[in-house]
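This report concerns only the one structure given below.
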Amino acid sequence: MKKYILILILLISCGRSQSKTILNNEDINIAKIDSTEIDHKTILQPTSSKKQNVLKDGDTLNIPSKYTIAIPLEINKRKIDISLQLSKSERLLRGKNYTVAEIENTDNVLPKSAYECIEGTIELQDWQTINNKSYSYTYDYYKKKNFKENDFVTKKKMIFRNENYNFITITDMDNDGYEDLLILDLSSSMKDNDMYQFYKWSGKESKFIFVPDFFNKAAFYGWDKTGKYLITGVSDTKERKLYKNKVVGGQLKIVDQCTEYAVSDKLCW
């Protein structure tokens, strides 16, 4: 009887040992499956999420976090470059980094108020590339343009009712033989009331001087069709008071005035 019990214990022990061996072999085989071939078919190992992010963002790795573009001005036979630094925002807007613009110039050719006006208007122009596209798109846009912005400046006069506006206008405003600057001031503007800042060129000092009361707190709508008279005024939802001006002694002098009403189709001039 004791002999049978001993044989039974030995059989059970052998069975357990064999089971462990099979399990261990299975573990080894499973581990090999991840790195070898099964029936000559390669099994691809999963890519880590970190690698995927690197690949996804690889096209933006060569874009600097900030760069500078030039706004060239050719005025009174001299060239001036306004340096505009564009940097990537830390916060996201609609899931993308946007562009932060900042004037870099420290020269004395333009007063500080002129640079502040330009910077403020750029910030508020939501229809142009700097503000309505992502940072990476804006960088590629200016890279193709050799990092120059030539569309901000014009020497063409803005004609009244031509459905256009000028950001920076170079023209002789007071007929003294020198070109002056008109800069759109969006921070002070309202609907149908675009405000401009006037900077007169001083031949004696070889720099621009800000003339704060040139437009008498009125909006500037451009020149008439002849290009001789400046149209200013004030507009609201009911009416638009318009003034036709000429420059006399460096100041605007009203030569005619007219009012347009929202309920009427009659237009002035």
Side-chain angles (χ1 to χ4, degrees), residues 73-77 80 109-118 120-122 124-125 151-269:
L73 303 179
E74 189 170 346
I75 186 166
N76 295 319
K77 297 180 179 180
I80 305 169
V109 178
L110 286 176
K112 183 180 179 181
S113 59
Y115 294 124
E116 290 175 348
C117 182
I118 293 170
T121 296
I122 290 173
L124 294 172
Q125 283 181 308
D151 297 333
F152 285 175
V153 184
T154 183
K155 291 193 175 185
K156 293 181 180 180
K157 289 183 176 180
M158 181 175 60
I159 303 302
F160 181 47
R161 299 194 197 284
N162 270 19
E163 299 296 333
N164 64 353
Y165 82 100
N166 292 348
F167 181 1
I168 302 173
T169 305
I170 299 174
T171 189
D172 185 358
M173 293 287 294
D174 50 6
N175 304 312
D176 64 350
Y178 293 104
E179 292 176 317
D180 306 304
L181 277 181
L182 275 181
I183 305 175
L184 175 63
D185 183 6
L186 278 184
S187 64
S188 301
S189 301
M190 298 176 64
K191 186 177 181 180
D192 199 34
N193 289 277
D194 286 337
M195 310 298 286
Y196 281 79
Q197 292 187 4
F198 172 48
Y199 291 87
K200 175 181 171 58
W201 177 260
S202 172
K204 293 182 180 180
E205 301 180 49
S206 294
K207 65 179 184 180
F208 290 99
I209 298 174
F210 180 36
V211 185
D213 299 323
F214 184 76
F215 290 109
N216 298 318
K217 298 181 180 180
F220 176 56
Y221 296 103
W223 283 262
D224 73 334
K225 293 179 180 179
T226 67
K228 296 179 180 179
Y229 298 98
L230 292 82
I231 308 300
T232 61
V234 179
S235 177
D236 58 31
T237 56
K238 295 181 180 179
E239 62 184 24
R240 179 198 259 181
K241 293 182 179 180
L242 297 171
Y243 305 93
K244 183 182 286 188
N245 308 266
K246 66 178 181 179
V247 181
V248 179
Q251 296 181 338
L252 290 182
K253 182 180 180 180
I254 298 174
V255 297
D256 196 6
Q257 57 183 324
C258 180
T259 302
E260 297 176 351
Y261 298 95
V263 295
S264 174
D265 294 332
K266 292 183 180 180
L267 301 176
C268 301
W269 309 309

So, [X] side chain and [Y] main chain: donor-acceptor pair closer than 3.5 Å or not?
X      : Y      : result
Glu260 : Arg240 : no
Tyr243 : Val234 : no
Ser189 : Met195 : yes
Asp213 : Asn216 : no
Asp180 : Met173 : yes
Asp176 : Tyr178 : yes
Thr232 : Phe215 : no

Measure the [atom1]-[atom2] distance between [X] and [Y] for me, rounded to the nearest 0.5 Å.
X      : Y      : atom1 : atom2 : result
Lys241 : Asp236 : NZ    : CG    : 8.5 Å
Glu179 : Thr169 : CD    : OG1   : 11.5 Å
Asp174 : Lys200 : CG    : NZ    : 3.5 Å
Ile183 : Ser113 : CD1   : OG    : 7.5 Å
Lys246 : Asp224 : NZ    : CG    : 12.5 Å
Thr171 : Met158 : OG1   : CE    : 11.5 Å

If you define the side chain from C-beta out and look only at heavy atoms, does anything of [X] sit under 4.5 Å from [Y]?
X      : Y      : value
Leu182 : Asn166 : no
Trp269 : Ile231 : yes
Phe208 : Val109 : yes
Val255 : Tyr229 : yes
Trp201 : Ile75  : no
Cys268 : Arg161 : yes
Ile170 : Leu181 : yes
Ile118 : Phe152 : no

Go through the steps for Phe167 and Ile122 under the test side chain to side chain contact (heavy atoms under 4.5 Å, CB included), then give the verdict.
CA-CA 9 Å; Phe167 181 1; Ile122 290 173; 3.8 Å; yes

Pair Phe198 and Phe214, ring centroids less than 6.0 Å apart
yes

Evaluate side chain to side chain contact (heavy atoms under 4.5 Å, CB included) for Asn245 paired with Trp223, printing each intermediate quantity in order.
CA-CA 9 Å; Asn245 308 266; Trp223 283 262; over 6 Å; no

Return yes when atom NZ of Lys157 has more than 12 non-hydrogen atoms of other residues, nucleotides or ligands closer than 6.0 Å, and no otherwise.
yes

Heavy atoms from other residues, nucleotides or ligands near NZ of Lys155 exceed 12 (cutoff 6.0 Å):
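Above 12, so yes.
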
Smallest separation among heavy atoms of Val247 and Leu230, with atom names
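For Val247 versus Leu230, the nearest heavy atoms are CG2-CD1, 4.0 Å.
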
Quick one: closest heavy-atom pair of Gln197 and Phe210, and the distance?
CB-CE1, 3.9 Å

